[in-house]
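Here's the structure we're looking at; comments come further down.
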Amino acid sequence: ARRKATKGTHSVSAAIHVPLPVAETFELISNFDLRLLWTKGVDEVIYDRDRVNRAGTRHRCVIDGDPIHFETVNTDQGPGRLVYGERILGRTPVLEPTLYYILEEEGLGTRLRAEFHYRPRPFPRSIFAIPFSRIFKKQLPRTLAAMAKVAAEGFERSEPNVPPKQESQS
């Protein structure tokens, strides 16, 4: 079951197998210190080291000297799936730009799918959504491949960032 998109929402996605269990793959994604191992172009990740990264947590990635602000979000993808998401805050060429990492057990590793969701701005500014989505379409497979390479080569784990318990929503 895929995430239900709201009207007007567009998405770009890519998937890969990561040779780590789901919990370790989640750690690789959600631990900001480990993020620097696989996110090309990120100079620094600035965050509150005294807080566990969970929904509502904010951080900044410095890319080529420019800070980009993010907020950790989550969504329910159904049983057997763990989701980590980040929404880009501030002005962007599109509305509600959010990147979700959806993790599922696959053999001895993890099936990792990255989905970038956004809504185009009203015309005429909607034309900026086209190059923005092309950048993500090109970058998502590269990012996932870099992450899988780090997973295969091994990495030193820091303080664990335990995945949140999935709560049933009624």
Side-chain angles (χ1 to χ4, degrees), residues 3 11-77 80-94 96-118 132 135-167:
R3 175 173 149 16
S11 67
V12 175
S13 65
I16 197 165
H17 176 83
V18 178
L20 290 174
V22 169
E24 289 182 40
T25 303
F26 185 88
E27 175 70 13
L28 189 58
I29 294 167
S30 64
N31 186 310
F32 295 136
D33 291 329
L34 298 176
R35 181 80 53 97
L36 295 173
L37 298 175
W38 54 271
T39 50
K40 189 173 182 153
V42 176
D43 304 320
E44 181 182 15
V45 180
I46 302 166
Y47 65 99
D48 184 349
R49 294 182 182 277
D50 295 328
R51 292 188 63 196
V52 173
N53 182 11
R54 61 182 67 179
T57 301
R58 293 185 177 201
H59 66 280
R60 288 176 295 178
C61 287
V62 179
I63 301 172
D64 296 326
D66 293 323
I68 299 176
H69 298 259
F70 294 88
E71 180 178 27
T72 302
V73 297
N74 59 18
T75 185
D76 184 12
Q77 286 281 324
R81 293 188 175 123
L82 185 59
V83 179
Y84 175 83
E86 294 181 335
R87 179 177 31 248
I88 301 172
L89 304 173
R91 297 200 47 83
T92 64
V94 296
E96 301 172 25
T98 306
L99 177 62
Y100 295 100
Y101 292 98
I102 300 119
L103 299 84
E104 291 182 85
E105 188 176 316
E106 181 179 75
L108 297 176
T110 302
R111 172 83 171 156
L112 176 61
R113 180 175 181 83
E115 294 182 359
F116 178 70
H117 295 258
Y118 64 95
F132 197 73
I135 289 168
F136 273 89
K137 188 172 188 174
K138 187 175 168 183
Q139 195 59 36
L140 281 180
R142 290 179 182 169
T143 300
L144 292 180
M147 183 191 309
K149 182 178 179 191
V150 168
E153 293 174 352
F155 57 94
E156 188 173 322
R157 288 148 184 83
S158 57
E159 301 258 338
N161 200 357
V162 180
K165 290 183 180 176
Q166 301 220 351
E167 299 176 19

Using 30° and 60° as the class boundaries, would you call the ring planes of Phe116 and Phe136 parallel, tilted or perpendicular?
parallel

For Glu106, salt bridge (charged side-chain N to carboxylate O under 4.0 Å, His left out) partners two or more places apart
none

Side chains of Leu112 and Ile29: does their closest heavy-atom pair fall under 4.5 Å?
yes

So which atom in Pro21 and which in Thr110 form the shortest heavy-atom distance, rounded to 0.1 Å?
C-OG1, 3.2 Å

Residues which pass side chain to side chain contact (heavy atoms under 4.5 Å, CB included) with Pro19, listed by chain and number, not counting sequence neighbours
Ala151, Ala152

If you look at every heavy atom in Thr98 and Val73, which pair is closest and at what distance?
CG2-CG2, 3.8 Å

How many angstroms lie between atom OH of Tyr84 and atom CZ of Arg54, to the nearest 0.5 angstrom?
12.5 Å

Inter-residue atom distance Glu86.CD - Ile88.CD1, 0.5 Å rounding:
8.5 Å

Please name the pair of heavy atoms, one in Phe26 and one in Val83, separated by the smallest distance, quoted to 0.1 Å.
CE1-O, 4.1 Å

Output a table of donor-acceptor pairs, distance under 3.5 Å, between side-chain atoms of residues 37-49 and any protein atom two or more places apart or on a different chain; print 'none' if there are none.
unit_1, atom_1, unit_2, atom_2, d
Trp38, NE1, Leu28, O, 3.0
Thr39, OG1, Arg35, O, 2.6
Asp43, OD2, Asp64, N, 3.0
Asp43, OD2, Gly65, N, 3.2
Tyr47, OH, Asp33, OD1, 2.9
Tyr47, OH, Asp33, OD2, 2.9
Tyr47, OH, Arg49, NH1, 2.7
Asp48, OD1, Asp50, N, 2.9
Arg49, NH1, Asp33, OD1, 3.1
Arg49, NH1, Asp33, OD2, 3.2

By the definition side-chain hydrogen bond (donor to acceptor under 3.5 Å, both in side chains), identify the one residue from Lys137, His117, Glu115, Arg113 that meets it with Ser13.
Arg113

Straight-line distance of His17 NE2 to Leu108 CG, nearest 0.5 Å
7.5 Å

Heavy-atom check, side chain of Leu99 versus side chain of Leu140, under 4.5 Å
yes

Go through the structure and list residues passing side-chain hydrogen bond (donor to acceptor under 3.5 Å, both in side chains) with Glu105, not counting sequence neighbours.
none

Which value, rounded to the nearest 0.5 Å, describes the distance between His59 atom NE2 and Leu89 atom CG?
9.0 Å

Residues that Thr57 engages under side-chain hydrogen bond (donor to acceptor under 3.5 Å, both in side chains), provided they are two or more places apart
none

Under a 4.0 Å threshold between the charged nitrogen and the carboxylate oxygen, would Glu104 count as salt-bridged to Arg111?
no

So which heavy atom on Ala55 is nearest to which on Asn74, and how close?
CB-ND2, 3.9 Å

Rounded distance (nearest 0.5 Å) linking atom CD of Glu24 with atom CG of Leu34:
11.0 Å

Taking atom types as modelled, is there a side-chain donor on Ser30 or Asn53 under 3.5 Å from an acceptor on the other?
no

Contact between Thr75 and Gln77 at the side-chain level, heavy atoms closer than 4.5 Å - yes or no?
yes

Kindly compute the distance separating OG1 (Thr143) from NZ (Lys138), expressed to the nearest 0.5 Å.
12.0 Å

With sequence neighbours excluded, residues passing side-chain hydrogen bond (donor to acceptor under 3.5 Å, both in side chains) with Arg60
none

